[in-house]
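Hydrogens, waters and symmetry mates play no part in the numbers below; they use all other heavy atoms, side chains included. What you are looking at is a predicted structure, and each value in this text was computed from that prediction instead of being measured. Labels below follow one simple rule: chain letters A, B, ... track the order of the sequence lines, proteins then strands, and each chain is numbered from 1.
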Amino acid sequence: MSNIRVRFAPSPTGYLHIGGVRTALFNWLFARQNKGTFILRIEDTDQSRSTEESIQAILEGMRWVGLDWDEGPYRQTERMELYRRHAMRLFEQGRAYWCICRAEELEARRKEAEAKGLSPKYDGRCRDLGITAPTGDAALRFRAPQEGQTVIDDLIKGRVVFDNSVLDDLIILRSNGYPTYNFSVVVDDALMNITHVVRGDDHLTNTPRQIPMFQALGYPVPRFGHLPMILGSDKTRLSKRHGATSIMAYKEMGYLPEAMVNYLARLGWSHGDQEIFTREELIEKFSFDHVQKSSAVFNPEKLLWVNAHYIQHGAPSRIAQALVPYLEQAGLKEEIKAVSAEWLERLVVTVRERTKTLVEMVTWATPYFGQDVAVEEEAAKKFLTPAIVPALTKLKVGIEGAVEFSKARLEEVFRGVLEEEGLKMAQLAQPVRVALTGRAASPGLFDVMELLGRERTLHRLQKGIERAKAALS
RNA sequence: GUCCCCAUCGUCUAGCCUGGCCUAGGACGCCGGCCUUUCAAGCCGGCAACACGGGUUCAAAUCCCGUUGGGGACGCCA
């Protein structure tokens, strides 16, 4: 294990979303590639917005996509003592001071400054008051450097320089005693020996505020990497308006976690022209050098294509195993128990190429369960007509008489009927298809028969014949 | 408003660092064709981009400057 340590630090204020997963993924890939440590840390210092439910949702999402963590999940609310102690240390060093401005006053002043077109930063009026023992509500502010520059050699953006004159005296301890984000993140990253802070580039301007705190506290400054944002189709930050953003929503829609990972990895990162990567390849080939600097638009259609690819090319056993819960959810629990794993895999293989999600796959798979099949009205009306009865009957008799129930033999019988009846392939195939699957579209007929087996094939054929006979005339 | 980041087909991107191999490549989507028992899948083909303006250079998608456009940050949110 190397000394490389990275973390994913979501705040539990909602579900784990796509952007968070990608940030986590890049951290995870970097850790795994370097035999480093991947840490999960929950940033829940905002009591009013953090929920236990969100924490659980984050863990569930992480597990689903297979991003396993080596340490944590730590929760910042369990580390309060650490933040307070570090804050007091800064105070004692003269690097922090008590501010007795009220929140409403600050808000008002900010608005006023903004209205005048001035910078809305804190005016520093408590900076030199020298308050040592505040009474009532007071917040602790970090005394930010005002001169010189802070330079970041970003793993992705390259060299970024900020004038310290733009820096604000940030509140590090709220009047309720809780630390604020910019402070707790520094204390934790320092104490957890984080070597590389990889996060969304919405944090880029937070970085020059944090670096002086690492320095004031006497901790080494980690390296930073700022990932570009993921945007919606209208090029604004991805949000609910753009459709599903919760990672678990994609599970529900029938996406494979390996497809999500592959798509998200390729969103903002590339390795030449390669589109499909195994998890091992991702770990091996990932590099910050090839992470895009600019933001990327989330494209659900490409995601769907990647998912279809995994469904169509994955190991049948893997797809079958992933499909089962969806089948169960569709009310086929008992039916699944009755079939073998081997049969289920054959089913997957025959239906998967017309399927882009597992949910879609359920729709294609249902006709193969149970003795009878629900026949779509429209399909029956069009293909199960009295005129086709002789041919259907002849086919049924032929199959009954066949010694062997194999695809090759079945086709021979079928073609024999075609010839005797003077029919074209499609003229008989469609009625048979409807009788067997209840629909006008299905996999190849002989695959269907093989999947159904002799008994059900004959049974459904018979039902089809009866229905065709009864149709008007 | 101030600061920061970014800019190649509609979208994801290769190429940019180390200028010529770029008549700018791949992928998704779209359009057309082939295959075909249906629906798909597959295969073949097509449409489609270096934001703009100046430089530097024999030569610029590639280097420099500016403009424009987009995004982000400026909270006792994270």
Practice item. Using whole Å, report how far NZ of A/Lys235 lies from C1' of B/G72. Key: 15 Å
Review point. For the pair made of CD in A/Glu275 and C1' in B/C12, what is the distance, rounded to whole Å?
Key: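 Spelled out: CD on A/Glu275 to C1' on B/C12 is 7 Å.
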Check your understanding: Going by atom types alone, do A/Asp44 and A/Thr77 pair a side-chain donor with an acceptor below 3.5 Å?
Key -> yes
**Study point:** A/His203 side chain to A/Tyr181 side chain, donor-acceptor N/O pair below 3.5 angstrom
**Key:**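 Yes, A/Tyr181 and A/His203 have a side-chain donor paired with an acceptor closer than 3.5 Å.
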Point to revise | base_contact_polar (B/C76 base, A/Thr180 side chain, donor-acceptor, <3.5 Å) | key: no
Check your understanding: Does atom CZ of A/Arg454 have more than 12 heavy-atom neighbours, drawn from other residues, nucleotides or ligands, at distances under 6.0 Å?
Key -> yes
With the criterion being N/O to N/O and under 3.5 Å, what pairs connect the protein with nucleotides 36-39 of chain B, and how long is each?
unit_1 : atom_1 : unit_2   : atom_2 : d
B/U37  : O2     : A/Arg433 : NH2    : 2.3
B/U38  : O4'    : A/Gln430 : OE1    : 3.1
B/U38  : O2'    : A/Ala440 : O      : 2.9
B/U38  : N1     : A/Arg433 : NH2    : 3.3
B/U38  : O2     : A/Ser442 : N      : 2.6
B/U38  : O2     : A/Ser442 : O      : 3.0
B/U38  : N3     : A/Arg433 : NH1    : 3.1
B/U38  : N3     : A/Ser442 : O      : 2.4
B/U38  : O4     : A/Gly444 : N      : 3.3
B/C39  : O2     : A/Arg354 : NE     : 2.5
B/C39  : O2     : A/Arg354 : NH2    : 3.2
B/C39  : N3     : A/Arg354 : NH2    : 2.6

Review point. How far, in whole Å, is B/C16 from B/G20 if one measures between their C1' atoms?
Key: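 These two C1' atoms come out 14 Å apart once rounded.
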Check your understanding: Say you pick atom C1' in B/C35 and the same atom in B/G45; how far apart are they, in whole Å?
Key -> 15 Å
Practice item. Can you figure out which of B/C74, B/A41, B/A78 approaches the side chain of A/Gln312 most closely? Key: B/A41
Exercise for review: Decide, yes or no, whether a salt bridge links A/Lys382 with A/Glu376 under the criterion of side-chain N to carboxylate O below 4.0 Å.
Suggested key: no
Review point. Does a salt bridge link A/Lys116 with A/Glu112, judged by any charged N lying under 4.0 Å from a carboxylate O?
Key: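 Answer for the salt bridge query: yes.
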Exercise for review: Quick one: label A/Arg199 by what it contacts on the DNA or RNA (base, sugar-phosphate, nothing), any heavy atom closer than 4.0 Å.
Suggested key: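 Nothing: the residue A/Arg199, judged by heavy atoms under 4.0 Å, touches no strand.
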Review point. Are A/Tyr97 and A/Phe91 close enough that their ring centres sit under 6.0 Å apart?
Key: no
Between the protein and nucleotides 2-9 of chain B, list the N/O to N/O atom pairs that are separated by less than 3.5 angstrom.
unit_1 : atom_1 : unit_2   : atom_2 : d
B/C5   : O2'    : A/Lys157 : NZ     : 2.8

